Amino acid sequence: MRWTKTFIPTLKEAPAEAEIPSHQLLLRAGLVRKLAGGLYTFLPAGIRVLRKIEAIVREEMDCAGALEVLMPALQPPEIWKASGRYEQAADVLFKVRDSKNREWLLGPTHEEVITTLASTELQSYRQAPINFYQIQTKFRDEIRPRFGLMRAREFIMKDAYSFDVSDEAAMVSYQKMYDAYVQVFKRCGMTAFPVEADTGVMGGRHSHEFMVPAPTGESEVAYTEDGSYAANLEKANSQGAITATPSECTGELEKFATPKVKTIENLAQAPYNVAAEAQIKTLVFIAEDKPAIALVRGDDQINESKLCSALGTAIFRAAEAEEIHAALGAHPGSLGAVGVKDIPVFADEQLRNAAGMTTGANEDGFHLRNVNTARDLLDVKWADLRTVREGELSEGGHPLKIQRAIEVGHVFKLGTKYAEALGANFLAEDGKQHPFVMGCYGLGVTRTLQAIIECSNDEHGVVWPQAVAPWQVCLTVLDIAPEGEVMETAQSIYNELTAAGVEVLMDDRDVRPGVKFKDSELIGIPVRVSVGERSLKEGNVEFTVRSEGGRENVPVAEAVARVRATLS
RNA sequence: CGGAACGUAGCACAGCCUGGUAGUGCGCCUGCUUUGGGAGCAGGAAGUCGGAGGUUCGAAUCCUCUCGUUCCGACCA
């Protein structure tokens with residue numbers, strides 16, 4: 001490809017809207033342009049990278065035995081109502097109406113569609129195991145699209161769905177996808193490590209996310225350095241807080257005045273001096289229109305994913321001050337669960353044997369001291385509700401670290417939830433109908449593209465891994481006069497490389513050398529071969545590996561072999 | 001959806017406080033020079049100052065509303 005025959009609009013400066021390096025480079029290297037928030041046009045160089053990632057994904061999926069299909073993006077709401085997600089996922093669903101005013105959904109994912117297909121097409125245990133995948137555009141009404149392709153409203157995802165006859169068989173399918181994902185990210189030149197994940201609104205049980213460590217990532221991962229444990233912070237657990245929770249009974253319950261105390265912090269200071277770990281933090285949520293109380297230690301943070309599991313519903317939110325007052329008779333700052341009867345109370349395990357604690361008295365301006373959770377709390381449901389902190393010990397006894405990461409893939413063992421809801425049953429050997437045990441496997445293709453840039457760039461621009469680079473070689477021609485020796489040498493190198501199947505971008509633009517060098521580095525092509533009068537006089541061309549920098553003279557005759565050796 | 005900031009030429013920004021001819025750099029077009037690390041000179045095109053209303057003799061500038069963008073929190077590939 002000649003540069004003058006394609007379209008690579010590079011930018012010297014990053015547009016103000018782009019904050020993180022990968023987003024800036026996406027724009028500066030001429031890969032994409034924004035149409036509106038979370039909506040991007042892929043330009044020629046961008047689409048080349050995208051196709052390469054897709055090809056890797058396809059190969060690994062095919063290799064794992066998954067079958068490619070293509071499902072409609074437009075979906076009938078009925079199947080979403082049947083699975084229960086029409087309400088559950090309402091906030092991300094794009095809804096459209098046709099000319100007859102009938103409602104349709106733009107698919108954010110395809111469990112409902114594939115399960116509907118399975119309900120009629122898969123009838124016998126003999127058809128399992130089977131796994132369908134597609135690479136398709138998804139739509140999600142993200143409340144806040146951001147960071148370019150990282151969180152877009154329209155994005156490309158590879159989604160796969162496995163159907164098995166038993167839990168054990170489903171684990172085999174799950175493991176195949178897990179292994180395939182490891183391969184995909186490795187081939188894309190990235191370190192993506194699997195971590196245990198929360199299953200969230202998707203339902204199901206067993207789940208891993210594939211995470212690319214990056215300070216700009218939107219997820220947080222807790223892990224141990226010895227590699228024995230890694231989990232999404234939403235899911236991570238530990239042996240408990242580093243500091244012990246008080247457990248000595250200090251006497252009878254006692255109410256005391258705490259005017260102006262609104263926070264854990266206030267109470268921790270003089271004149272009260274109640275350490276945060278000796279306080280009980282009381283949080284009120286509205287779960288499916290009813291109040292519920294969650295208790296964690298004063299210095300702990302509630303983990304809403306864990307709370308979701310404890311509550312048994314994803315439909316909950318923090319209560320408003322008025323709702324709290326109506327439920328408990330006090331405002332935030334003076335809340336507690338002592339004596340609460342009619343509202344369900346969920347307490348974190350860290351508080352199970354706590355004694356001598358302090359908590360709000362449900363009377364504005366008052367707290368209770370000498371609280372003994374076993375004695376003073378009625379009908380508590382104990383659960384792990386806290387977010388782990390760095391330094392705590394994993395179950396295996398190793399200290400936890402916490403790091404930000406980009407989630408590029410997610411594998412789930414779904415169980416029978418969707419199969420049951422949508423009637424995807426098979427006739428088993430025993431002559432009875434059973435629901436299929438499903439798994440679903442998402443991989444963000446466009447997000448992966450940006451994640452690769454995020455972890456592979458330098459001050460000059462993108463540094464594409466070979467496998468996904470838009471072109472493998474940039475042939476920089478420093479004198480474009482058509483009949484000149486420089487151009488003729490370049491053309492013959494171009495012809496030979498192209499004939500050998502190497503993808504070459506020949507920079508034949510009428511611009512100064514500096515511009516060509518800068519641009520080739522900005523768009524990040526792995527190998528650059530510069531042909532110019534100066535080195536040609538010595539019979540050489542210049543050879544530069546993007547990831548290494550520097551330059552090396554290589555005789556013209558050896559240039560092609562050298563490139564091929566470097567790329568192999 | 002809660003909090004904050006910002007919308008002026010394709011891009012980056014100044015001008016706004018204190019109302020009075022819309023600017024700078026990059027990019028783009030023409031010409032000349034230059035030609036190995038984002039060239040120089042000369043000339044040129046390009047802006048409903050996000051939109052609507054208001055105040056005023058006069059609004060990019062002050063006021064109100066609105067739309068959009070970005071950032072921080074609650075959701076996810």
Side-chain angles (χ1 to χ4, degrees), chain A residues 9-20 23-24 27-28 33-34 36-38 57 88-92 108-110 135-160 181 192 197-202 209-212 217-219 232 234 285 302 304-305 307-308 314-318 320 406-412 440-451 460-461 476-481 486 509-522 528 530-537 542 544 549 551:
Chain A
T10 56
L11 301 172
K12 274 192 202 174
E13 291 177 289
E17 69 191 38
E19 191 79 5
I20 67 173
H23 187 191
Q24 294 178 345
L27 295 165
R28 288 190 56 209
R33 285 294 183 265
K34 185 178 77 167
V57 170
Q88 245 180 356
D91 49 342
V92 298
T109 176
H110 282 68
I135 296 176
Q136 194 212 30
T137 300
K138 305 293 186 207
F139 300 87
R140 289 192 193 172
D141 190 3
E142 293 288 351
I143 303 160
R144 179 146 96 93
R146 62 176 159 174
F147 297 155
L149 305 176
M150 287 294 188
R151 173 170 305 278
R153 295 206 281 196
E154 182 182 322
F155 60 97
I156 296 172
M157 179 162 119
K158 187 285 304 175
D159 46 327
Y181 275 35
D198 185 61
T199 49
V201 73
M202 300 287 281
E209 286 166 340
F210 285 79
M211 295 290 198
V212 178
E218 294 187 84
S219 306
N232 191 309
E234 293 175 348
F285 291 87
I302 187 88
E304 295 202 359
S305 301
L307 181 62
C308 171
I315 303 171
F316 69 89
R317 59 176 172 82
E320 308 280 340
I406 301 163
E407 179 193 348
V408 287
H410 201 162
V411 292
F412 273 90
C440 74
Y441 316 93
L443 190 156
V445 177
T446 40
R447 183 183 279 182
T448 295
L449 187 154
Q450 192 174 339
H460 303 294
T476 301
V477 188
L478 298 173
D479 175 1
I480 59 163
V486 169
R509 292 177 298 169
D510 185 14
V511 293
R512 295 166 64 88
V515 175
K516 297 190 180 193
F517 294 137
K518 288 285 184 193
D519 271 350
S520 82
E521 284 153 14
L522 177 58
R528 180 174 68 210
S530 305
V531 187
E533 198 181 351
R534 208 165 74 183
S535 45
L536 210 51
K537 260 190 232 157
E542 277 160 34
T544 301
R551 74 178 81 134

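Source: prediction; values computed, not measured. Every chain is numbered from 1 and lettered A, B, ... according to where its sequence line falls, protein lines coming before strand lines.
Separation of the P atoms belonging to G15(B) and G53(B) is 28 Å when rounded to the nearest angstrom. Taking the C1' atoms as reference points, A5(B) lies 34 Å from A45(B), given to the whole Å. Annotation: U30(B) and C11(B) have their C1' atoms spaced 22 Å apart (nearest Å). Separation of the P atoms belonging to A39(B) and C26(B) is 11 Å when rounded to the nearest angstrom. Taking atom P in both C76(B) and G3(B), the straight-line distance is 23 Å, to the nearest Å. Here, A22(B) and G68(B) have their P atoms 30 Å apart, quoted to the whole Å. Comparing A12(B) with G7(B), their P atoms sit 12 Å apart, to the nearest whole Å. Taking the P atom of each, C17(B) and C63(B) are spaced 9 Å apart, rounded to whole Å.
With RNA chain B read from its 5' end, the first of the two nearest nucleotides for R28(A) and V445(A) is the one closest to R28(A). Comparing E218(A) and D519(A) by the nucleotide of RNA chain B that holds the closest heavy atom to each, the one mapping nearer the 5' end is D519(A).
Ring-base stacking between F155(A) and A77(B) is satisfied, the centre separation being under 5.5 Å and the plane angle under 30°.
Within 4.0 Å of E209(A), counting heavy atoms only, lies no atom of the nucleic acid at all. A14(A) comes within contact range of the sugar-phosphate backbone alone, with a heavy-atom separation under 4.0 Å but no base atom that close. Looking at heavy-atom distances under 4.0 Å, E17(A) makes contact with sugar-phosphate atoms alone, never a base. When heavy atoms are screened at a 4.0 angstrom cut-off, R551(A) is found touching base atoms of the nucleic acid. Base engagement by R528(A) is indicated by at least one non-hydrogen atom pair under 4.0 Å involving a base atom. The residue S530(A) sits apart from the nucleic acid: no heavy atom pair falls under 4.0 Å. Within the 4.0 angstrom heavy-atom criterion, base atoms lie near G532(A). Y441(A) comes within contact range of no nucleotide atom at all, as no heavy-atom separation falls under 4.0 Å. Within the 4.0 angstrom heavy-atom criterion, base atoms lie near V515(A). Across all strands, A152(A) comes closer than 4.0 Å to base atoms (heavy-atom distances).
In this structure, the side chain of Y181(A) engages the main chain of G442(A) through a donor-acceptor pair within 3.5 Å. When atom types are taken as modelled, the side chain of K138(A) and the backbone of R153(A) share no donor-acceptor pair closer than 3.5 angstrom. With hydrogens and angles ignored, the 3.5 Å screen pairs no side-chain donor or acceptor of E407(A) with any backbone N or O of M211(A). No donor-acceptor distance shorter than 3.5 angstrom exists from the side chain of R144(A) to the backbone of R151(A), with no hydrogens or angles considered.
Taking every side-chain heavy atom of L522(A) into account, G38(B) is the closest of C75(B), G38(B), A77(B). With distances taken from any side-chain atom of A16(A) to the nucleotides A12(B), G38(B), A39(B), the minimum falls on A12(B). Here the nucleotide nearest the side chain of E407(A), chosen from C76(B), A12(B), U70(B), is C76(B). Of the candidate nucleotides C76(B), A12(B), U35(B), C76(B) has the atom nearest to the side chain of R140(A).
Nucleotide G2(B) forms a pair with C72(B), judged by Watson-Crick or G-U wobble geometry with both contacts under 3.5 Å. Of the nucleotides present, U33(B) is the one that pairs with A39(B) by Watson-Crick or G-U wobble criteria, both distances under 3.5 Å. For G7(B), the paired base is C67(B) (Watson-Crick or G-U wobble, both distances below 3.5 Å). The pairing partner recorded for C62(B) is G54(B), the criterion being a Watson-Crick or G-U wobble arrangement whose two distances lie under 3.5 angstrom. Base-pair partner of C16(B): not found among the strands shown (Watson-Crick or G-U wobble, both distances under 3.5 Å).
Between the CG atom of L478(A) and the P atom of U35(B) there is a distance of 14 Å, given to the nearest Å. Atoms NZ (K516(A)) and P (A39(B)) sit 13 Å apart, rounded to a whole Å. To the nearest angstrom, P of C32(B) lies 13 Å from CG of D510(A). Residue I156(A) contributes atom CD1, which lies 17 Å from atom C1' of C76(B) at whole-angstrom precision. In this structure, CZ of R146(A) is placed 9 Å from C1' of C71(B), rounded to the nearest angstrom. Atom-to-atom, CD of E234(A) to P of A74(B) comes out at 10 Å; the value is rounded to the nearest Å. The CD-P distance, from E304(A) to C76(B), rounds to 11 Å in whole Å. Here the C1' atom of nucleotide C75(B) and the CG atom of D91(A) are 7 Å apart, to the nearest Å.
Look at K12(A) and you'll find a side-chain N or O under 4.0 angstrom from OP1 or OP2 of G27(B). Taking only side-chain nitrogens and oxygens, R512(A) never comes nearer than 4.0 Å to OP1 or OP2 of U35(B). For R144(A), a side-chain nitrogen or oxygen approaches OP1 or OP2 of C71(B) to under 4.0 Å.
For R146(A), the side-chain hydrogen bond (donor to acceptor under 3.5 Å, both in side chains) partners at least two apart in sequence or on another chain are E218(A).
A donor and an acceptor atom sit less than 3.5 Å apart, one in the side chain of R151(A) and one in the base of C76(B). For E13(A) against G25(B), a side-chain N or O and a base N or O form a donor-acceptor pair under 3.5 Å.
In terms of heavy-atom proximity, L27(A) sits nearest to P15(A) at CD1-CG, 3.9 Å.
In this structure, D91(A) and D141(A) have side chains that are not in contact, with every pair of non-hydrogen atoms separated by 4.5 Å or more.
Here the SG atom belonging to C440(A) is positioned 12.5 Å from the NE2 atom belonging to H110(A), to the nearest 0.5 angstrom.
Under 3.5 Å, the side chains of R528(A) and S520(A) contain a donor-acceptor pair of N or O atoms.
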